Amino acid sequence: MAGRRRKKMKLLAETIRHSKKLSKHEPIDEQQETQTQTDLPTELMELILSQLTLKDNIRASVVCKRWLSVALSVRKSNKPPWLMFFPKFGNLYEFYEPSKRKTYFLDLPELNGSRICYARNGWLLLYKPRTQSVFFFCPYTRDSIALPNLELTYQIVAFSDAPTAASCIVFTVKHVSPTVVAVSTCRPGATAWATTNYQNRLPFVSSIWNKLVFCKGMFYCLSLTGWLGVYDPQKSTWAVHSVAPPKCPENFFVKNWWKGKFMAEHDGDIFVIYTCSAVNPVIYKLDQAKKVWVEVENLGGMTLFANFLSSCARMDLLGTMRNNVYFSKVRFYGKRCVSYSLENGRYYPRKQCYDWGEQDPFESVWIEPPEDLSTFL
């Protein structure tokens, strides 16, 4: 084996010396020089570059023209969610595409009299107060999946996966007293909701202004005052963790600090966005090991999409959408979605007051973009 290795190294050394001699005596044009630097089969380059993130793919594309061509052919970019608006009257629903700033419409009489509760994986969870009916609905396919009736006053609701998946479970929590909460769960196909009361070690008061995400198989919920409750659907356990609430910045107006906050999850990380009128928002990330909220000044290319009932996050978005927070509000007659840039430290559009604590929580929700635009009017 050692002899074979020495023979291969000798042949490699001779090849390098031969190449150096050629470089001294023979002129090499620009194309040949580029080929010596990137002399890999196209199929192998495609395989390598296809494994890169969008950020690394863009970096690799500046090496040379050939790398640029291959990088573009395998570049993977994510699509931002769309903003769905719920009309106060009628059945015409507006869908806003934030990257292209285009608006689409769907006539959805099936949703008449319903109120949005949550959105995930292209599905909506809705509630009709008059009949107390709870159901899933996909606006693109118009598929509907009913759940058992339940009185949902103004407590928060979330679900773990698309209702067509076996792992889907719907979760809601409301406080019976500051030290007791009632947790209700249900799966598609069930005939009734399962409700259990849990005792809290720490006070937990719930309302529509709570924030709720599903992360690593568990539901994480912020109370009205910022305490973190966690429900494990596999073990049917509930606990309020001893994680101090995110600190309210001193320059925030105390009146609405508990209203104008949002919660999102991405790849196992949990983020909370605190807002207050025209003051720049503050973003916290949960350090799950140290059990503390840490202020974040850079999202590392991630984009947060904030909404009262259902916030989300995206990586690998094209253009200037990275490292921004997009809010569920559109200005200038549908021409621009309100956003905040962490790099520039300012809102877009500028010079407007955004008191998110005074917004209607049932006005809109972020939803997965459609695969086919032919269903729109």
Side-chain angles (χ1 to χ4, degrees), residues 77-127 135-144 162 260 262 264 273 275 281 302-341 344 346-356 358-377:
S77 61
N78 215 338
K79 293 181 180 180
W82 285 22
L83 192 57
M84 179 181 179
F85 289 95
F86 289 75
K88 293 183 179 180
F89 306 99
N91 301 319
L92 194 62
Y93 290 76
E94 179 182 342
F95 293 78
Y96 178 77
E97 209 278 54
S99 62
K100 298 180 180 178
R101 301 180 184 178
K102 289 186 177 182
T103 302
Y104 303 86
F105 295 92
L106 276 180
D107 185 48
L108 300 172
E110 302 95 326
L111 304 187
N112 186 271
S114 62
R115 187 180 75 197
I116 181 64
C117 297
Y118 197 72
R120 185 182 178 94
N121 294 349
W123 285 84
L124 306 173
L125 182 64
L126 300 120
Y127 173 66
F135 64 101
F136 289 101
F137 185 80
C138 179
Y140 308 133
T141 63
R142 298 178 183 264
D143 291 335
S144 180
F262 309 88
I273 308 164
T275 67
M302 184 175 62
T303 307
L304 294 174
F305 295 88
N307 179 263
F308 285 110
L309 301 177
S310 183
S311 300
C312 57
R314 289 289 188 278
M315 286 292 289
D316 296 340
L317 292 181
L318 293 174
T320 59
M321 297 189 73
R322 296 187 295 274
N323 212 34
N324 279 263
V325 180
Y326 278 77
F327 295 90
S328 51
K329 195 72 176 178
V330 177
R331 298 290 191 185
F332 300 134
Y333 304 99
K335 296 298 182 182
R336 180 137 198 181
C337 191
V338 175
S339 64
Y340 176 79
S341 170
N344 300 328
R346 53 158 285 192
Y347 272 108
Y348 291 88
R350 192 192 288 269
K351 296 181 179 179
Q352 294 194 51
C353 180
Y354 306 108
D355 193 351
W356 303 112
E358 298 299 325
Q359 302 296 319
D360 180 4
F362 306 109
E363 179 185 60
S364 60
V365 70
W366 292 106
I367 185 173
E368 291 292 325
E371 296 181 359
D372 184 12
L373 298 179
S374 63
T375 57
F376 291 91
L377 300 179

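As the structure is a prediction and not an experimental result, all values here were calculated from the model.
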Task: Distance, nearest 0.5 Å, that separates CG of Leu92 from CZ of Phe85 - done: 13.0 Å

Open item on the list: Distance check, rounded to the nearest 0.5 Å: Ile367 atom CD1 versus Leu124 atom CG?
Closed with: 4.0 Å

Task: Residue pair Trp123 / Asp143, side-chain heavy-atom distance below 4.5 Å - done: yes

- [ ] Of all the heavy-atom pairs spanning Ser364 and Phe86, show the shortest one and how long it is.
- [x] CA-CD1, 4.2 Å

Open item on the list: So, taking the atom named OH in Tyr326 and the one named OG in Ser339, what distance separates them when rounded to the nearest 0.5 Å?
Closed with: 4.5 Å

TODO: For residues Met321 and Ser99, determine if any side-chain heavy atom of one lies less than 4.5 Å from a side-chain heavy atom of the other.
DONE: yes

Task: Residue pair Thr275 / Phe327, side-chain heavy-atom distance below 4.5 Å - done: yes

TODO: Determine the minimum heavy-atom distance between Leu304 and Ala264, stating which atoms define it.
DONE: CD2-CB, 4.2 Å

Open item on the list: Has Asp372 got a side-chain atom pairing as donor or acceptor with Ser374's backbone, closer than 3.5 angstrom?
Closed with: yes

Open item on the list: If I compare all heavy atoms of Lys79 with all of Leu317, which pair ends up nearest, and what's the gap?
Closed with: C-CD2, 3.7 Å

Task: Side chains of Asn91 and Asn112, donor plus acceptor under 3.5 Å - done: yes

Task: Option from Phe376, Trp366, Tyr93, Phe305 for which ring pair (Phe, Tyr, Trp, His ring centres under 6.0 Å) with Trp82 holds - done: Phe376

TODO: State the CD1-CG distance between Ile273 and Asn307, to the nearest 0.5 angstrom.
DONE: 10.5 Å

Task: Shortest non-hydrogen separation from Gly122 to Pro139 and the atoms involved - done: O-CD, 3.9 Å

